[in-house]
Amino acid sequence: STYGSFTPPQQTVAEAWRILDNTFTDRTFNSQDWYGVRATALKRVTASNLDATLADMCASLGDKYTVYLPRDKYRALVASSRGVVTGVGVTLKQDGEGEVRLVQVQP
């Protein structure tokens, strides 16, 4: 692993920080010590507060489009954007012309 002796939650924080560091357009990182944010997050993160640590790190950037989605919310978002609907017993799909078609009925 690139992060050596880091715990798995620390590895996740370090990787999320790296992605934000490489892609966030405000190079002042909302006028904060971005390396300090990393150090603080790495010190405080545990398996039980990983989601909160990542959410706080993203929120510190002050950008409404930079958010952390926990796994369940991310999966729900991806499913909804792919047209997957659960609980009604059918699968619908939108074709290239915008029409919604029934593609499968669950038994």
Side-chain angles (χ1 to χ4, degrees):
S1 153
T2 304
Y3 301 110
S5 63
F6 284 0
T7 65
Q10 287 174 322
Q11 291 173 9
T12 302
V13 165
E15 183 63 13
W17 182 93
R18 185 192 65 76
I19 291 167
L20 290 166
D21 185 58
N22 288 335
T23 60
F24 196 66
T25 57
D26 173 9
R27 300 313 297 164
T28 72
F29 297 94
N30 198 26
S31 300
Q32 64 183 332
D33 174 7
W34 189 233
Y35 287 95
V37 169
R38 180 182 189 269
T40 299
L42 288 172
K43 285 179 190 171
R44 80 171 245 220
V45 71
T46 64
S48 62
N49 72 7
L50 177 60
D51 285 343
T53 301
L54 293 171
D56 290 349
M57 190 167 61
C58 289
S60 76
L61 295 169
D63 176 41
K64 67 182 179 179
Y65 299 108
T66 303
V67 296
Y68 170 73
L69 295 176
R71 184 181 309 252
D72 58 338
K73 288 187 180 182
Y74 174 76
R75 285 185 177 157
L77 177 67
V78 169
S80 69
S81 68
R82 290 187 180 157
V84 175
V85 179
T86 59
V88 295
V90 298
T91 302
L92 305 173
K93 185 174 184 177
Q94 189 172 15
D95 66 19
E97 298 170 7
E99 281 195 41
V100 176
R101 300 191 186 278
L102 176 65
V103 294
Q104 184 177 15
V105 176
Q106 302 297 321

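These values consider heavy atoms only, across backbone and side chains, with no hydrogens, waters or symmetry-generated copies.
Atoms OG1 and CD, from T53 and Q10 in turn, are 10.5 Å apart once rounded to the nearest 0.5 Å. For the atom pair D33 CG and T28 OG1, the distance stands at 11.5 Å (nearest 0.5 Å). Rounding to the nearest 0.5 Å gives a distance of 11.0 Å between CG of L54 and CG of L69.
Proximity of W34 to S60: side-chain heavy atoms (C-beta onward) are separated by under 4.5 Å at one or more points. In this structure, the side chains of L50 and V13 come closer than 4.5 Å at one or more pairs of heavy atoms. In this structure, the side chains of D26 and L61 stay at 4.5 Å or more apart for every pair of heavy atoms.
Closest heavy-atom contact between P9 and A47: CG-N, 3.6 Å.
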Given side-chain contact (heavy atoms from CB on, under 4.5 Å), test R44 with D56 step by step and report yes or no.
CA-CA 11 Å; R44 80 171 245 220; D56 290 349; 3.0 Å; yes
Would D21 and F29 satisfy side-chain contact (heavy atoms from CB on, under 4.5 Å), going step by step from the backbone distance to the final call?
CA-CA 8 Å; D21 185 58; F29 297 94; 3.5 Å; yes
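Here the side chain of T66 pairs no donor or acceptor atom with the backbone of G62 at under 3.5 angstrom.
For R71, the CZ atom sits in a loose shell: 12 or fewer heavy atoms of surrounding residues, nucleotides or ligands are nearer than 6.0 Å. When the shell of 6.0 Å around CZ of R75 is examined, it contains 12 or fewer heavy atoms from other residues, nucleotides or ligands.
In summary, D51 and K73 do not engage in a salt bridge, as defined by a charged side-chain N under 4.0 Å from a carboxylate O.
With sequence neighbours left out, the ring pair (Phe, Tyr, Trp, His ring centres under 6.0 Å) criterion links Y35 to W17.
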